[in-house]
There are 2 protein chains.
Amino acid sequence: MVDEIEGLPVRARSSRRSRAGPTISDVAREAGVSLMTVSRVMNGKTNVREETRERVQSAIKALNYSPSMAARNLAAASEIRIGLLYSNPSAGYLNEFLVGSLDQASRANVQLVVQLCERPEERAAIVQRLVEGGVDGVILPPPLCDADAIHRFLQEAEIPAVVVASGRPPAGLSSVSIDDRAAAAAMTRHLTELGHRRIGFISGAPDQTASALRLQGYGDALSEEQLASEPELVVQGLFTYRSGLEAAQRLLALVPPPTAIFASNDDMAAAAVAVAHRLGLDVPGDLSVVGFDDAPQATTTWPELTTIRQPIADMSRAAVQLLVDDIRTVRDGRSPSPRHTRMGFELVLRQSDAAPPA
Amino acid sequence: MVDEIEGLPVRARSSRRSRAGPTISDVAREAGVSLMTVSRVMNGKTNVREETRERVQSAIKALNYSPSMAARNLAAASEIRIGLLYSNPSAGYLNEFLVGSLDQASRANVQLVVQLCERPEERAAIVQRLVEGGVDGVILPPPLCDADAIHRFLQEAEIPAVVVASGRPPAGLSSVSIDDRAAAAAMTRHLTELGHRRIGFISGAPDQTASALRLQGYGDALSEEQLASEPELVVQGLFTYRSGLEAAQRLLALVPPPTAIFASNDDMAAAAVAVAHRLGLDVPGDLSVVGFDDAPQATTTWPELTTIRQPIADMSRAAVQLLVDDIRTVRDGRSPSPRHTRMGFELVLRQSDAAPPA
DNA sequence: GGCCCTGATGATACCGGTGTCAATAGCCGA
DNA sequence: TCGGCTATTGACACCGGTATCATCAGGGCC
């Protein structure tokens with residue numbers, strides 16, 4: 001706008017070319033081959049003589065060439081945009097999730113659109129807007145991984161999606177998760193091995209399918225040990241700090257109180273610690289408290305929480321890759337067969353657990 | 001590949017074209033104008049007759065056209081990639097920062113490369129790799145906003161950068177920040193107005209320039225009230241939870257102890273609360289504790305923290321925009337004049353502050 | 001030795017936009 | 001009434017890659 005005040009091109013000096021880096025033709029000239037050969041080398045095609053490949057590769061290195069995403073996308077008609085819908089952002093989780101997705105997205109040469117989707121009633125509308133805006137696929141981290149309204153919409157629109165950490169992935173969608181049930185069992189077993197016999201459990205939000213799995217895992221471990229699972233020891237939580245406060249208060253009001261509390265996530269575990277301190281209990285001397293997720297919360301609390309570590313960044317990386325594969329499959333005219341990736345978890349021992357008081 | 005088994009194109013139906021949406025030529029045909037006219041309308045150029053513009057716009061709406069980023073970037077040679085370097089990820093901060101940057105980046109049609117940069121000795125190398133990888137500019141949130149090694153490298157390479165929340169932006173770089181000094185003064189004033197006279201201060205990491213400003217603000221407010229600032233009331237922290245624990249212990253061991261503690265961030269404030277509880281003190285009944293940042297930590301602790309809210313997402317949005325402008329300026333052959341954006345802060349009152357005990 | 005076939009390489013047409021410049025039409029003043 | 005000027009529009013090259021198909025050299029086989 002402002003450059004045209006005089007009616008003349010004010011800045012004539014810069015040609016149309018402004019991108020700094022070398023192009024594929026520069027490399028081709030340097031290596032003494034054609035464009036296509038360079039392109040083949042860049043894309044790892046096999047039908048290039050080894051000697052030629054090496055010459056091209058050293059030319060690439062010499063010129064420090066890196067291909068233009070824009071041109072590549074345009075030519076290959078492979079521009080992919082994927083939407084990442086999130087809600088109820090437990091900061092730590094979302095943060096790791098974002099870092100992983102971004103990393104994989106840039107690696108896979110894919111554009112990521114991150115979109116907040118808070119109120120349940122606007123969910124369908126937001127997804128619709130996203131799809132109309134040209135998004136080719138959607139990633140659903142918890143809690144949206146269990147949002148039926150979104151699943152239905154995507155299914156109708158025939159948009160691929162990947163759900164992460166859902167306890168019961170809807171038919172037709174790919175998923176990435178850990179074995180929540182086995183992880184919860186492992187943690188519970190850890191507590192029984194320390195000698196605990198009365199273990200309180202704070203469950204997760206009922207609208208998230210992973211919650212039920214964690215509860216089942218807790219039950220599994222108890223029955224292995226021939227311990228009856230007493231209903232009063234299981235209290236409903238919502239994955240929020242506040243709900244953890246209330247749940248812990250109820251558990252610690254029991255007579256006799258549990259000697260350990262296993263919360264379904266770290267936020268609620270931190271809340272349980274706070275309640276215990278307020279009641280004058282020492283953690284872990286008088287009460288062990290353990291969590292789930294290994295959120296940042298776990299180490300910014302005192303004592304630091306023993307918890308289950310989920311490889312969140314790796315999970316989101318895997319989700320992006322799965323989704324990209326599905327989108328490519330759809331574009332080829334085939335229909336994708338959902339795949340389910342299960343990642344490993346890890347029991348992280350810190351300072352919030354100990355043997356029960358004598 | 002597999003499509004050529006017969007030597008014939010197996011899937012003739014899909015031409016090379018796989019992108020679903022209509023292209024600019026479809027719109028041009030529909031509206032009965034040339035490509036360029038559509039392009040002009042899309043880019044809001046002024047030299048298009050009103051009637052033509054309307055015809056084009058209704059064609060756009062009719063076809064639900066949205067332009068291809070790839071083609072646009074390629075043609076305009078305006079592909080911009082900006083690097084976002086982070087370190088020491090205080091999850092909540094980084095999270096909000098990422099969300100804001102991503103939002104603005106997708107709005108401005110810019111690619112964002114997020115890169116962890118942990119150990120000080122690799123900083124220069126990482127930045128170098130980023131720049132060689134084709135990044136056109138860099139955003140430096142705290143604590144990297146104060147990393148001299150990075151500044152020097154960028155300056156030499158003539159890569160634009162924007163520092164966020166630095167207390168003393170290096171010459172030549174644009175910056176976004178809040179008035180840390182005024183904010184700290186406001187918080188301190190709030191405490192004195194509640195009646196506190198002995199206010200402990202936990203300062204931030206000494207290698208971050210904002211720390212000094214917050215300390216100055218604390219001092220400002222004290223001298224307004226004619227209160228001497230006693231050296232023993234100011235304890236060095238490092239912005240980490242652990243450092244907050246130690247600092248709070250030292251403050252509460254003073255005789256007489258302070259009636260309020262102002263921590264330079266929420267992590268340390270949460271630590272101060274934990275120490276107070278462990279000593280059997282009620283917060284805020286016996287001791288007020290306030291923080292800075294309004295990190296998620298502030299509301300996932302008990303009691304919830306009174307703190308200073310920084311508009312982190314807005315700051316990162318602004319940073320992206322500033323950087324994009326600078327990059328465009330450089331590409332035009334002009335040299336960018338650094339701009340400094342200062343955003344507002346907010347005193348958020350919650351439950352961790354009260355009048356001093358009688 | 002001639003023929004067919006295969007693997008490596010190159011020439012060229014695109015992908016979907018934007019920049020440049022030319023062409024045209026409408027308006028003004030002389 | 002005519003030349004000059006501006007506002008509007010269009011034709012065309014070009015951005016930097018990839019896909020397709022042609023070309024060419026060499027090897028196996030009869």
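Worth saying up front: this structure is predicted, and the values here are computed from it rather than measured. Every chain is numbered from 1, with letters handed out A, B, ... down the list of sequences.
Rounding to whole angstrom units, CE of residue B/M42 and C1' of C/dG16 are separated by 12 Å. In this entry the distance linking CZ of A/R29 with P of C/dG10 reads 14 Å, nearest Å. Spacing between atom CE of A/M36 and atom C1' of D/dG17 amounts to 9 Å, rounded to whole angstrom units. When rounded to the nearest whole Å, the span between CG of B/L35 and C1' of C/dT20 equals 15 Å. The CE atom of A/M69 sits 15 Å away from the C1' atom of C/dC15 (whole-angstrom rounding). Atom C1' of nucleotide D/dC14 and atom CG of B/L74 are separated by 9 Å, given to the nearest angstrom. Atom CD1 of A/I24 and atom C1' of C/dC15 are 15 Å apart (whole Å).
Considering CG of B/L63 and CG of B/D26, their distance stands at 6.5 Å, rounded to 0.5 Å. To the nearest 0.5 Å, the span separating CD on B/E121 from CD1 on B/I126 amounts to 9.5 Å.
Looking at heavy atoms from C-beta onward, B/N73 lies out of side-chain contact with A/M69 at the 4.5 angstrom threshold.
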Look for any protein N or O under 3.5 Å of an N or O in nucleotides 6-9 of chain D and output each such pair with its distance, or none.
unit_1 : atom_1 : unit_2 : atom_2 : d
D/dT9  : OP1    : B/R49  : NE     : 3.4
D/dT9  : OP1    : B/R49  : NH2    : 3.2
D/dT9  : OP1    : B/T52  : OG1    : 2.3
D/dT9  : OP2    : B/R49  : N      : 2.9

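Under the 4.0 Å criterion applied to side-chain N and carboxylate O atoms, B/R152 and B/E156 are not assigned as salt-bridge partners.
Here B/S68 does not reach the OP1 or OP2 of C/dG17: none of its side-chain N or O atoms lies under 4.0 Å away. Using a 4.0 Å cut-off, some side-chain N or O of A/R72 falls inside it from OP1 or OP2 of D/dT18.
The side-chain hydrogen bond (donor to acceptor under 3.5 Å, both in side chains) pairs that include a residue from residues 312-326 of chain A are A/D103-A/R317, A/Q104-A/Q321, A/S174-A/D326, A/D314-A/R317, A/Q321-A/D325, A/D325-A/R339, where partners are two or more places apart or lie in different chains.
Residue contacts shown for B/N73 are absent, as no nucleic acid heavy atom lies under 4.0 Å away.
The backbone N or O of A/F97 sits less than 3.5 Å from a side-chain atom of A/S101, completing a donor-acceptor pair.
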